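As a basis for the values below, the full set of heavy atoms in this structure was taken, side chains included, without hydrogen atoms, waters or symmetry mates. This is a predicted model, so every value here is computed, not measured. Numbers restart at 1 for each chain; the letters A, B, ... are given by sequence-line order, proteins then strands.
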Amino acid sequence: MSDKSLAARAPSGTHDVLWPESTRWEGLLARFADQVERAGYGMTHTPIFEDVKVFRRGIGEGSDVVGKEMYEFEDRGGRTLALRPEGTAPMVRAFVQHRPPLPWKAWYATPAFRYERPQAGRYRQHHQLGVEALGPSDPDLDVEVIGLADGYFRSLGLSQFTLRINSMGDDTCRPAYLEQLTSYLAGRRSELCDEHRDRLEANPLRALDCKRDACRQATDGAPGFADHLCEDCSAHFARVRAGLDAQGVPYVLDHRLVRGFDYYTRTTFEFGSDALESAQNGIGGGGRYDGLVEMLGGPPTPGIGFGMGIERILLACDAEGVFGIDPPVLDAFVVDTTGGTSARDLTATLRANGLSADRAFDDRSMKAQFKLADRSGARWVLIVGPDEAASGTVSLRPLRGAGDQQTVAVADVVGTIQSAMADIPGEAPAP
RNA sequence: GUGGCCGUAGCUCAGUUGGUCAGAGCGCCGGGUUGUGAUCCCGGAGGCCGCGGGUUCGAACCCCGUCGGUCACCCCA
């Protein structure tokens with residue numbers, strides 16, 4: 001009995017990742033782990049939900065994410081929890097709780113939840129990869145973190161993306177800048193779009209990032225943060241840019257770059273795909289958050305990190321035609337037309353000897369079994385028909401590449417395949 | 001959350017101002033004379049046309065609602 005009112009589909013804004021698409025996810029993860037671990041970052045797991053205060057205090061009450069996008073709920077014990085809307089605050093909370101030695105360099109892969117109107121590239125449950133580096137205030141660390149993101153994207157084959165960077169100053173220079181910006185905008189209050197006219201005092205920075213023409217024009221001559229940094233912030237930012245230049249990491253300065261979380265200080269950056277038509281083209285972003293550890297109850301500890309969205313990276317890869325799905329690969333596929341017992345035992349033997357092997361079930365026709373063998377990407381098909389069964393042999397037929405079909409004794413099957421594979425560079429089975 | 005567009009077999013889609021229109025390609029399954037896939041040929045299974053109401057003699061095609069997708073805004077990964 002089917003029940004159409006019970007829609008058998010994932011909730012709005014969520015999605016399943018089936019094979020073989022999932023192989024891309026695995027590849028993405030493996031590549032990321034390889035790159036950041038070579039830079040000294042260690043994999044870190046934190047809970048998928050936290051006390052809601054971790055996000056309220058960390059990301060900021062005024063942010064859209066906290067204000068209207070959190071999956072907040074009360075558990076049976078009356079605790080108010082929230083599914084993590086991003087990765088940094090939980091990581092910093094874990095740091096404050098455990099106080100690992102500095103510098104603490106960690107990476108994560110996690111789902112993130114935000115209640116937004118779904119769109120292509122924007123999901124209510126999406127997945128992020130990221131790193132956090134706590135301890136040093138050294139601008140060279142900024143360069144390292146940004147460079148890791150840039151290098152990772154390039155290693156996937158992506159090239160059509162733009163890195164934008166800005167500095168948002170610190171407690172020393174930000175108040176003065178905000179004052180200047182506010183008074184500048186106040187003078188042009190009537191030119192701003194409705195929304196930002198109302199929010200001018202609450203969050204003047206937002207107007208800089210507005211896409212409407214009205215705000216665009218009104219803010220064209222607005223003072224840029226980069227020109228109003230204090231001495232320390234200015235020197236820091238200069239060193240970051242020099243480092244990126246030295247490492248050949250291309251970027252553009254963007255004084256309109258305003259990130260949505262309250263915890264950012266000094267360096268902020270965003271990677272946007274130029275291959276994606278959609279407005280949802282941000283594939284990664286991050287920045288320094290020198291005050292966040294304190295906000296979450298820890299000792300003054302600078303930090304910087306980035307997060308990137310797996311779904312959007314994949315969309316960008318599709319748009320650029322890179323990092324495609326690897327075809328399935330199997331060492332052997334057993335075709336058995338004698339009832340299946342040979343297939344049963346042969347696959348077990350092959351697997352026990354480190355080879356990958358599969359077979360058909362339900363006693364299908366030889367033609368059907370061969371089609372499955374072909375689809376499996378198997379290098380060899382092991383055929384067991386009446387003749388082989390009677391003589392205790394197996395016919396070994398290469399499905400891909402050169403070679404003739406040969407008949408070998410059952411006892412020699414594993415050895416024959418292993419030695420054949422040893423002749424092919426890079427295809428030797430795991431010991 | 002606001003506004004626009006869309007929702008037909010597993011996938012991509014065609015369906016004439018509502019009346020044999022429930023279809024195609026791909027995929028899947030089976031067969032092509034008794035042991036060999038990816039090509040080719042033949043055949044087959046699968047949709048109450050997202051769901052629920054309404055209008056009508058009659059709706060996949062019209063109206064309302066709802067769910068989902070998508071685009072822009074918002075915001076971000």
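RNA chain B lies under 4.0 Å from at least one heavy atom of each of the following residues of residues 365-376 of chain A: A:S365, A:M366, A:K367, A:A368, A:F370, A:K371, A:D374, A:R375.
Between A:R364 and the phosphate of B:G30, there is a side-chain N or O to OP1/OP2 separation shorter than 4.0 Å. Note on A:Q119: a side-chain N or O is less than 4.0 Å away from OP1 or OP2 of B:A72. For A:S12 and B:G69, the shortest distance from a side-chain N or O to OP1 or OP2 is below 4.0 Å.
Base orientation at B:G46 is syn, since its O4'-C1' glycosidic dihedral falls within 90° of 0.
Both geometric conditions, a ring-centre gap below 5.5 Å and a plane tilt below 30°, are not fulfilled together for A:H127 over the base of B:A77.
Side-chain atoms of A:R259 and base atoms of B:C75 include no donor and acceptor less than 3.5 Å apart. For A:R117 and B:G69, a side-chain-to-base donor-acceptor distance below 3.5 Å is absent, hydrogens and geometry of angles not being considered.
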Tabulate protein N/O versus nucleotide N/O from nucleotides 44-46 of chain B, keeping only pairs under 3.5 Å, one per line.
none

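At least one side-chain heavy atom of A:Y152 sits less than 4.5 Å from a side-chain heavy atom of A:L129. Between A:L355 and A:I417 there is a side-chain heavy-atom pair separated by less than 4.5 Å. Between A:L156 and A:V322, the closest side-chain pair of non-hydrogen atoms is not below 4.5 Å. Side-chain contact between A:L292 and A:E132 is absent, with no heavy-atom pair separated by less than 4.5 Å. Counting only heavy atoms from C-beta outward, the side chains of A:R312 and A:S273 never approach each other to under 4.5 Å.
To the nearest whole angstrom, the two P atoms, one in B:C21 and one in B:G15, are 15 Å apart. Comparing the C1' positions of B:G69 and B:G27 gives a spacing of 23 Å, expressed to the nearest Å.
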Practice item. Take A:Q119 and A:S278 through the side-chain hydrogen bond (donor to acceptor under 3.5 Å, both in side chains) test and state the conclusion after the steps. Key: CA-CA 9 Å; A:Q119 231 172 287; A:S278 163; 4.7 Å; no
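With sequence neighbours excluded, no residue forms a ring pair (Phe, Tyr, Trp, His ring centres under 6.0 Å) with A:F55. Listed by chain and number, the residues in a side chain to side chain contact (heavy atoms under 4.5 Å, CB included) with A:E69 are A:D64, A:V65, A:R114, A:E116 (sequence neighbours excluded).
The salt bridge (Lys or Arg N to Asp or Glu O under 4.0 Å) analysis of residues 355-377 of chain A, with sequence neighbours excluded, yields the pairs A:R351-A:D358.
When heavy atoms are screened at a 4.0 angstrom cut-off, A:E69 is found touching the sugar-phosphate backbone but no base atom.
In RNA chain B, runs of at least 3 stacked Watson-Crick or G-U pairs (N1-N3 plus N6-O4 or O6-N4, or N1-O2 plus O6-N3, all under 3.5 Å) give these stems: B:1-7 with B:67-73, B:10-13 with B:23-26, B:28-32 with B:40-44, B:50-54 with B:62-66.
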